[in-house]
Each structure stands twice: as structure tokens, then as C-alpha cells.
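Since the structure is predicted, the reported quantities are computational estimates derived from the model, not experimental observations. Lettering follows sequence order; numbering is per chain, from 1.
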2 protein chains.
Amino acid sequence: MWHLYQFPLCPFSRKVQLALGEKKIGYELVTLYPWDADERFRQLNPAGRVPVLHDPDRRVTLMDSMAICEFLEETVDDRPLILGSARARAEVRRLVALFDESFYQDITAPLLYEKMRKRLVLRQSPDSRVLTAARRLLHEHLDYIDWLIDNRRWVAGSQLSLADFAAAAQLSVVDYLGDMDWTGHESAHGWYRVMKSRPSFAPLLRQKMDGLPPPRSYADVNA
Amino acid sequence: MWHLYQFPLCPFSRKVQLALGEKKIGYELVTLYPWDADERFRQLNPAGRVPVLHDPDRRVTLMDSMAICEFLEETVDDRPLILGSARARAEVRRLVALFDESFYQDITAPLLYEKMRKRLVLRQSPDSRVLTAARRLLHEHLDYIDWLIDNRRWVAGSQLSLADFAAAAQLSVVDYLGDMDWTGHESAHGWYRVMKSRPSFAPLLRQKMDGLPPPRSYADVNA
Ligand SMILES: N[C@@H](CCC(=O)N[C@@H](CS)C(=O)NCC(=O)O)C(=O)O
Ligand SMILES: N[C@@H](CCC(=O)N[C@@H](CS)C(=O)NCC(=O)O)C(=O)O
């Protein structure tokens, strides 16, 4: 049985959970906060990061969310998520990297630091300038998602792919933190509602971070 | 013909150049500094980053260095670099991510900012505290490479892989900037000398950044 080391608001762990859900692979969640990690976790992942997907029986330890997704893609036939020609697959991977890196660095990471780490770990209040900058960049990224959805059926092309899940994973964290603002982004909003109502999304909408409740609309698949 | 948009000290572009070299794929270099990029480059890559691998004739545009390497892996038979079982491939990808992300964030990015951007673009002098911190973290990462090389033939296992090139690409930038210190890292040093003497490395050792000459030892394959 797979064990997924993660904490509820890690967007990369969310992407992996969505992939596991789509591929109908069973797993157990193990909550791990990297900032509290002990030596035992460092032995599992020298980079000290989540997600880590670990099977103690088969002694398989996988980490880095993209390496995990590529592994699942290579070993499980159900519901391919990196699909099509080599060019189509490169487009999926480009967009996964865009959301995992640029979106995360511009928006998710600063929001998580200001609203989660400062509140739960450092006992400080958020810096409003950082929040304002992140919210401004959110609109730029949503403009780009609007453009993708206006020009293609799904984020990376004509088929649902890992790029949709990478994007939705980041957005779901922003939404949990109460910073989502869909004003002027009809296309992105319509697409996100569809993502949110997939069965693979349900576990994410139930997971809560202690001391940090999501807004009411977060788990509402029609919101 | 492929055009590789890059600048000489971008470690991700170096990784791609090494993969192209190993696979014996011809390409032309196009120098592009992301901080000077114009609207035309943004059209090519909305993320505004290098490397971008572009074929104007076939109208193929690839970006994100790992997406590029996966594409080359899927389309060119010569010299596979992500190889073996699904587990072995996951190990290659884990280590590529470790060097591309943790090593880069801890060491290469701060050194590039302090020694390249500040000097060439911002006309400021480097912050010595940042340099000291990066050099300390360099020793931790070199310890990990020592450990890998003491336990395996190559960085990711028994075969030469993209993980070796990802690691060597980052190290070569540190070396160019004059910050390499091999003291106490015999194993990593021996492995790097082998990497440096591969034919695919030769172009990297010739490329210079205007106004920022490398130390003499940089291009010496015995150093
Ligand atoms: N590229 C990695 C990024 C993982 C990552 O940054 N995880 C964060 C949590 S969201 C973490 O563990 N940070 C702790 C640290 O970097 O020390 C992946 O996709 O798995
Ligand atoms: N994950 C990307 C990272 C690329 C990257 O960070 N490139 C740097 C140069 S070394 C860049 O273009 N930075 C400009 C920017 O982020 O605006 C890749 O592997 O291609």
C-alpha cells in the first residue's frame, strides 16, 4: 500500500493525489510538515520536502511530484495524463512546470508563507504588501488560463491532462486560503468548476488544516 | 535546425546542451538574456525564461529544460539518458529535480544574482553574507554527491544518466564563477573531472559571458 507523505495545503501533494485518484490507485495519507520533519523523514527524502510516495513493503520511495507522476504514468495503464504525440506531451510538461514553478513562486508560495506559516508556526501577522502583489499576479495567471481555455478544450490541448490537475492543485490552495477572485475570468472559472466536481477532487475538498479553516465556498462545487 | 535560446551561465540551458551533445543533435545557439527579453520572446515563451528549444521550420517550440529533455528522450534513440526500470527512471528524475531546484536555489541562483546580475546589470557589488551562505551550502551538496558516488557508479545508479548532467551543469556554473572548492570532496571531484572531459562538455567550456571571465582552471579538464 502506498503512503503519501504530505500536508493538506501542499499544492504538489495535491497534484499527486489528483493523479492517484484519476488512476484509481489506493493510498494512505501520512501528514508531514517539512518544517517539523525529523531525521527519519530526512532519511526518506534528503531534500526534506513533500510529497513523498512510499511503499514500505516493496521498499519503493518516490519523490518530487513530477517524478512521481511520470512513474505512475509508466506503471499504471488507467487514465493516462501525459498523453498524445511527443509534442503534445512536451506541451503538458511545459504547463505543469509553469504552474509548479512560476504560479507557485508568484502566488501560492507567498500566500502559504504569509497566511499559513506565519499564522501557525511563526505567530506573526501577514505582510499586506506581499498579499497585494500575489493577488495582482494571480490575475495575470488567470488571464493566461482564460486564454488557454478560450483556445483549447483543456489547459494543454484537446484532452484532459496532468496540466489541468497541476493548475487546479495550485488554484485550490489559493481558494482554500480565501484569495481566489474570479472577477473577469469567466473561462478559467468555468473550467475550475468542472475540475472541482471530478470525483478525484473530493478528498482535497474534505482535507482541513488545523487552525486554518477554509471559506465556506471552498468545498462548494458550484461556487 | 534547432535554435537554443539561452545565455552562457544558465544551468538549465547547459543541461539541455549536454543532452543535445550526448544525443548528437545539431543546434544553433541564440543568446537571450531573460532580463532584456522583448515581446517577441514572450510570444515564444510566456514564462519569459530560457532555455527554449525552437525549430522555426517545423514550428516546434519546447520549453522548460526537463520537458525538453523528456522530448529528446522520446524522439531520439541515441544515448538514452532517462533509463532502466520505472524505479530507476524515477531515481534519475528525483535527482534531476534535486539539482535543478534545491542546488539551484541554495547555490547557483544566489551566486548568479550576486556575481553576474549585480555586476553586469545592476552595477552593484555582491553581498558577502549571501556568498558565504551559498559556499557553506555548496559543501553540504558536495557531501551528498560524494555519498552518491561512493555508493554507486554514477549519480543515479549504475549508468550515466541525465542526473549526472543536471548536477554537472549546476557545478560548472559555480566553477565558472570561481566559487568551486573541492577540499574534502575527492569522490565528487573525481566524478566531475570525468564529466568535464566528455566531448559533450567541450562547448560549455568555450562559452564566455562578456565582462565576466572565468578563472583559468575552469576550462582545464584536469583541474
Ligand atoms: N518540485 C518539488 C517541490 C516540493 C516542495 O517545494 N514542497 C514544499 C511543500 S509545498 C516543501 O516540502 N517545502 C519544504 C522545503 O523546501 O524545505 C515537487 O514537485 O515535489
Ligand atoms: N524550470 C525551468 C527554469 C528555467 C529558469 O529558471 N531559467 C532562468 C535562467 S537560468 C530564467 O530564465 N530566469 C528568468 C526569469 O525567471 O524571469 C527550466 O528548467 O527550464
Side-chain angles (χ1 to χ4, degrees), chain A residues 12 34 42 44-49 51-55 58-76 82-106 109 140-141 143-145 147-148 156 162-163 166, chain B residues 12 34 42 44-49 51-55 58-76 82-106 109 140-141 143-145 147-148 156 162-163 166:
Chain A
F12 310 106
R42 285 247 159 216
L44 215 55
N45 183 4
R49 290 178 159 182
V52 172
L53 190 64
H54 178 60
D55 184 337
R58 290 189 298 151
R59 290 166 182 268
V60 186
T61 311
L62 306 172
M63 58 219 107
D64 182 72
S65 64
M66 193 56 183
I68 294 172
C69 291
E70 298 275 3
F71 176 90
L72 299 177
E73 204 64 18
E74 291 176 1
T75 54
V76 180
I82 306 172
L83 64 196
S85 65
R87 275 168 78 162
R89 293 159 63 88
E91 179 65 358
V92 171
R93 293 189 180 105
R94 167 181 87 83
L95 286 162
V96 172
L98 186 80
F99 292 107
D100 281 5
E101 297 178 16
S102 301
F103 190 105
Y104 177 70
Q105 276 164 33
D106 287 349
E140 289 183 18
H141 281 270
D143 279 341
Y144 188 57
I145 299 177
W147 181 87
L148 292 170
L162 193 62
Chain B
F12 310 106
R42 285 248 158 214
L44 216 56
N45 184 5
R49 291 178 160 183
V52 172
L53 190 64
H54 178 61
D55 184 336
R58 291 189 298 150
R59 292 167 181 266
V60 186
T61 312
L62 305 172
M63 58 220 108
D64 181 71
S65 63
M66 192 57 184
I68 295 172
C69 291
E70 298 274 3
F71 177 91
L72 299 176
E73 204 64 18
E74 291 177 2
T75 54
V76 180
I82 306 173
L83 64 193
S85 65
R87 275 167 77 161
R89 293 159 63 88
E91 180 65 358
V92 171
R93 293 189 180 106
R94 168 181 86 85
L95 286 162
V96 172
L98 186 80
F99 291 109
D100 281 6
E101 298 177 18
S102 299
F103 191 105
Y104 177 69
Q105 277 163 34
D106 287 348
E140 289 184 18
H141 282 270
D143 279 340
Y144 188 57
I145 299 177
W147 181 87
L148 292 170
L162 192 61

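Partners of B:Thr61 under the side-chain hydrogen bond (donor to acceptor under 3.5 Å, both in side chains) rule, at least two apart in sequence or in another chain, are B:His54.
Of all the listed residues (B:Val92, B:Val60, B:Val96), the one sharing the greatest number of non-hydrogen pairs under 4.5 Å with chain A is B:Val60. Ranking A:Arg49, A:Glu70, A:Met63 against chain B, the residue ahead of the rest is A:Glu70, based on heavy-atom pairs under 4.5 Å.
Annotation: side chain of A:Asp64 is in contact with side chain of B:Glu101 (closest heavy-atom distance under 4.5 Å). Residues B:Pro46 and A:Glu140 are not in side-chain contact: their nearest non-hydrogen atoms beyond the backbone lie 4.5 Å or more apart.
Across all their heavy atoms, A:Phe71 and B:Ala86 have their closest contact at CD1-O, 3.5 Å. Taking each heavy atom of B:Ser102 and A:Ala47 in turn, the nearest pair found is OG-CB, 4.2 Å.
Proximity to chain A (any heavy atom under 4.5 Å) is restricted, for B:Arg89, to the side chain, taken from C-beta onward. With a 4.5 angstrom heavy-atom cutoff, A:Arg87 touches chain B via backbone and side-chain atoms both.
By the 4.0 Å N-to-carboxylate-O rule, A:Arg93 lies too far from B:Glu73 to be salt-bridged with it.
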